[in-house]
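Just below is one structure, and these are the notes that go with it.
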Amino acid sequence: MSTSPRPKSYVRIDRSGNSLVVAPLFTFASFTEADLVAEWKAVNDQLEGAEIKNVIVDLGEIPYFGSTVLEWMVQMWRRAKAKGGNLATCNCSEVGREILHAARFDTLWNEFASRDEALSSMSANE
Amino acid sequence: MPTVLVVDDAAVDRKLIGGLLGKATELQVHFATDGTDALARIEEVWPDLILTDLVMPGKSGLELVREVVDRFPRIPIILMTGKGTEETAVQALKAGAANYVPKSAMHNYLVETVRDVLDVVRSKHSHQRLMTALRKSEFQFALENDPELIPSLISYVQSLVTTSGLCDDSSVIRVCIALEESLRNAMFHGNLELTSEQREGDCDIYQRLVSERMRSPHFGSRKLHVTLSITPHEGRFIVRDEGPGFDPSELPDPTDPENLEKVSGRGLLLMRTFMDDVSFNATGNQVTMVKRCSAEPACAEAAP
């Protein structure tokens with residue numbers, strides 16, 4: 001009996017209180033945009049949950065990323081803002097920090113060394 | 001003659017290993033009694049390979065692996081594993097050790113494993129030397145409008161630029177980020193003439209539109225022309241689409257506070273951030289990106 005291979009996952013989603021933690025798992029050379037559609041819908045569904053207000057983007061799984069991840073981040077930030085929440089990043093690499101700085105997103109979003117620190121800060125700001 | 005540094009706190013094991021390696025007459029063998037002693041000996045004998053026990057008093061084999069990988073990354077390490085050290089061996093392999101030999105099977109595998117690892121190192125060093133002699137490599141691709149080809153091309157460029165020695169690993173990543181952005185722009189905005197507004201809408205509708213245009217004779221038959229040119233001094237990456245082109249000066253500045261909430265439009269920004277020079281042709285359907293060598297002394301050596 002053969003089994004079909006498990007589909008590759010491009011994002012990991014966790015919830016903690018009223019924060020949604022989204023960890024992208026794709027860098028360049030690993031995806032096509034069509035691959036991401038279902039994953040993006042799953043993120044959106046979770047964001048629509050009434051109790052979710054804040055988004056933490058955990059960049060620890062991707063040492064580098066391009067404009068596709070930035071687009072996701074902006075869309076998530078806009079949704080969080082619309083619900084009175086915010087977006088923060090954590091576990092960002094040096095190259096990742098350069099990208100966020102180039103886009104001036106470091107002026108908009110707090111960056112934390114760890115997911116725990118980001119969650120604590122989000123809770124403290126409630 | 002390749003030099004091997006054997007690190008083991010047990011004199012009897014050092015003698016056994018020395019005897020086994022001594023049969024391979026092409027090897028010169030030196031000894032150290034623990035991790036700390038090994039680090040001192042490395043700077044004296046500059047071994048081609050280190051063979052280390054894992055469990056030792058003082059600095060352990062695992063600590064030695066981590067320090068050698070950090071300070072002497074060109075020297076490969078082979079672990080000698082005993083019963084009960086499997087977990088530590090896995091950590092050491094993840095930390096960068098090249099291979100391992102069970103102590104119980106050294107008679108059968110030690111010399112063979114040492115020779116295998118030395119062969120790989122020799123081949124790698126020869127390749128690096130060969131690359132320093134490279135004067136120019138040029139590749140031209142005419143890609144179909146298939147997004148699946150983008151990751152493959154990026155992987156190829158990553159490997160090409162890495163082996164060319166043009167820049168360090170982290171700059172190779174930056175080059176690839178910029179190239180990926182240019183390819184996506186050329187394929188989706190250039191050849192398929194999809195707009196940012198369409199992209200920011202419903203993702204299902206957008207993907208359907210991508211598929212339709214890929215099948216359409218008008219859009220789908222267009223090609224993406226990519227020229228990669230690598231010399232010891234610079235990498236030149238030219239991406240041309242067969243679309244109508246655009247005026248880059250008319251693009252909104254994505255870093256303007258008024259535009260920060262816009263979802264898309266950051267591809268060109270990343271290209272400009274990570275390449276040393278980015279320019280468009282008059283019609284805007286060809287972008288030329290240049291990355292210059294980041295290690296000037298190496299460039300100077302490679303100059304004809």
Side-chain angles (χ1 to χ4, degrees), chain A residues 8 10-11 24-45 47-48 55 59 62-82 86-87 92-109, chain B residues 146-159 169-185 187-188 194 196 199-208 210-211 214 253-274:
Chain A
K8 186 174 176 179
Y10 294 95
V11 65
L25 308 175
F26 55 93
T27 59
F28 56 68
S30 70
F31 75 100
T32 66
E33 293 192 349
D35 294 330
L36 302 178
V37 172
E39 307 265 350
W40 175 237
K41 280 184 179 169
V43 172
N44 267 333
D45 288 347
L47 274 170
E48 293 307 320
V55 177
L59 296 163
I62 46 170
Y64 43 86
F65 49 87
S67 61
T68 304
V69 168
L70 295 180
E71 287 176 9
W72 276 39
M73 291 171 85
V74 173
Q75 295 198 49
M76 291 189 287
W77 175 54
R78 282 168 36 162
R79 279 163 198 264
K81 262 197 357 170
N86 210 342
L87 182 142
C92 193
S93 68
E94 187 192 336
V95 175
R97 224 169 267 133
E98 271 180 61
I99 293 167
L100 293 178
H101 177 69
R104 302 287 183 268
F105 289 156
D106 56 349
T107 64
L108 297 176
W109 307 327
Chain B
D146 182 352
E148 286 196 7
L149 295 172
I150 293 180
S152 304
L153 181 62
I154 296 291
S155 284
Y156 182 74
V157 171
Q158 189 168 7
S159 164
D169 288 351
S170 106
S171 294
V172 173
I173 295 297
R174 291 171 174 89
V175 165
C176 290
I177 291 172
L179 183 63
E180 187 202 28
E181 297 299 336
S182 68
L183 293 169
R184 288 188 190 281
N185 274 349
M187 187 173 287
F188 294 106
L194 293 158
S196 296
R199 185 173 166 71
E200 289 179 25
D202 182 285
C203 53
D204 276 330
I205 296 173
Y206 178 73
Q207 286 304 327
R208 268 203 303 274
V210 170
S211 302
M214 279 167 62
D253 175 5
T255 63
D256 186 314
E258 282 189 6
N259 297 327
L260 286 177
E261 287 199 40
K262 286 194 173 168
V263 172
S264 57
R266 293 177 182 83
L268 183 54
L269 173 77
L270 293 181
M271 288 153 61
R272 287 188 167 135
T273 299
F274 290 138

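Throughout, protein chains are lettered first and strands after them, A, B, ... in sequence-line order, and every chain is numbered starting at 1. Just so it is clear, the structure is predicted and the values come from calculations on it, not from any experiment.
With S67(A) contributing its side chain and G267(B) its backbone, the two residues share no donor-acceptor pair below 3.5 Å. Judged purely by atom type and a 3.5 angstrom limit, R78(A) uses its side chain to pair as donor or acceptor with the backbone of E261(B).
Of the atoms belonging to L260(B), heavy atoms from both backbone and side chain fall under 4.5 Å from chain A. Residue contact with chain A, scored on non-hydrogen atoms closer than 4.5 Å, involves the backbone and the side chain of T255(B) alike. Contacts between E181(B) and chain A at a heavy-atom distance below 4.5 Å involve the side chain alone, from C-beta outward. When heavy atoms are compared at a cutoff of 4.5 Å, R272(B) does not approach chain A at all. If you measure heavy-atom distances from Q207(B) to chain A, the contacts under 4.5 Å come from the side chain alone.
Residues passing the salt bridge (charged side-chain N to carboxylate O under 4.0 Å, His left out) test with R97(A) are E111(A), sequence neighbours excluded. Partners of F105(A) under the ring pair (Phe, Tyr, Trp, His ring centres under 6.0 Å) rule, at least two apart in sequence or in another chain, are W109(A).
In this structure, the ring of Y10(A) has its center no less than 6.0 angstrom from the ring center of W72(A).
Comparing K81(A), M73(A), H101(A) by heavy-atom pairs within less than 4.5 Å of chain B, the highest count is held by K81(A).
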